[in-house]
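Inspection log for the structure reproduced underneath, given as structure tokens.
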Amino acid sequence: MNNKNIARLPLSLLALSIGLLASSAALAGPADKVYSPVVEKGETEFELRSGYRDFNNSDDEYASVFAIGYGVTNNWMTELVVEYEGETGQGGKMEAVEWENIVVLTEQGKHWVDVGLLLEYEHTFADGPDELKVGPMFMKDFSRTIANLNLILERKIGSGASSDIDVGYNWQVKWRGNEALEWGLQGFGGAGALDDLFEGDDHSAGPALFGVKRLASGDKIGYDAALLAGLNADAPDLTFRVSLEYEMY
Amino acid sequence: MRFFLLLILSAFSMSAAAEVKEYTLTLRNHKFVPATLTIPANTKVKLLVVNEDATPEEFESHELNREKIVTGKGRITVYVGPLKPGKYPFFGEFHMDTAQGVLIAK
């Protein structure tokens, strides 16, 4: 494969992945995260994410996920995720297991924007179809500010699956300062089905905190937390989400 | 969707045309050589980090928003900038007591 073909490969992979989703529900969950197109070969991550969504006109929702991830190469991290979900008054249960992959398409800092791809397959334990999620992720440094945007396309797969593709997004802006405690903004939302965008869409955004604690062993503990306000009628009134991550090499 | 594909295409094409100056940092006995490296401000540069030690190291800088593993006897490239004039510390996370350095952009 010559250099020109290698340069075209990330774009081809992206186009192929989007093409696979030829057909799509609310995407954002209480324990969602914002992804970055940065992967380190040989790094193992343990991650615990939890969230609570307060709805004014329906039961509140909560969810937790536990994930174990490994950087197979400097361009590919694969993660196994188990998800626990529930609603107030109905109790919680193990909801799904996910195989999540981050593929880095550009070397960090080399291009105007860093680009990666999320590929995720979710097998639900409940009755109903599984889910495939695909989408590009972007990251851009602006001096001491880092901006991330994830675009997520979701299609149900299996018995009873609709042919819709749902569109969701996650974003964050982080101001770098003291690495133990930084602040920023996060937003999560869904834009509805691709064929009928902004019908039943939901949007939430709010302040977020981020931080990293380095251990003497070289391992790291990272966290981020956000309090999100619903920005339209279909969004939860309030969402609280928190993520704790342990990284080791 | 077209917007994002165009964004990606633009990102690739914009950078392809630019010539990026390269600087070398060597890891020797778990120290960066040179420990202080001056680069032009407001310009993207490419750091070639060469690890002469047998053990791996992680090039890391919170100020630069970079962290990348370099294997023993290995080498990596790290793109940084454009940076405003100033000092940007970096370190080797596996040997933080010795592997310390600073980029000076001016």
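Numbered from 1 within each chain, the chains take letters A, B, ... in sequence-line order.
Proximity to chain A is absent for every atom of B:L83, based on heavy atoms less than 4.5 angstrom apart. Contact annotation for B:K84: only side-chain heavy atoms (C-beta onward) come within less than 4.5 Å of a heavy atom of chain A. Heavy atoms of A:E40 lying under 4.5 Å from chain B belong exclusively to its side chain. Neither the backbone nor the side chain of B:P82 comes within contact range of chain A; no heavy atoms are under 4.5 Å apart.
Within a 6.0 Å radius of CH2 in A:W175, more than 12 heavy atoms belonging to other residues, nucleotides or ligands are found. Other residues, nucleotides and ligands place no more than 12 heavy atoms under 6.0 Å from the NZ atom of A:K41.
In summary, B:K46 and A:E107 do not engage in a salt bridge, as defined by a charged side-chain N under 4.0 Å from a carboxylate O. A salt bridge does not link B:E63 with A:R176: every distance from a Lys NZ or Arg NE/NH1/NH2 to an Asp or Glu carboxylate oxygen is 4.0 Å or more. The pair A:K220-B:E67 meets the salt-bridge criterion, with a side-chain N (NZ, NE, NH1 or NH2) lying under 4.0 Å from an Asp/Glu carboxylate O.
Between the side chain of A:K110 and the backbone N or O of B:V80, no donor-acceptor pair lies under 3.5 Å. With hydrogens and angles ignored, the 3.5 Å screen pairs no side-chain donor or acceptor of B:H62 with any backbone N or O of A:N178.
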| field | From CA spacing to verdict: side-chain contact (heavy atoms from CB on, under 4.5 Å), A:D141, B:R66 | value | CA-CA 11 Å; A:D141 288 7; B:R66 295 288 183 273; 3.5 Å; yes
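Considering only heavy atoms from C-beta on, B:N65 comes within 4.5 Å of A:Q108 through its side chain.
Contact count against chain A (heavy-atom pairs under 4.5 Å) is highest for B:T77 among B:V78, B:I76, B:T77.
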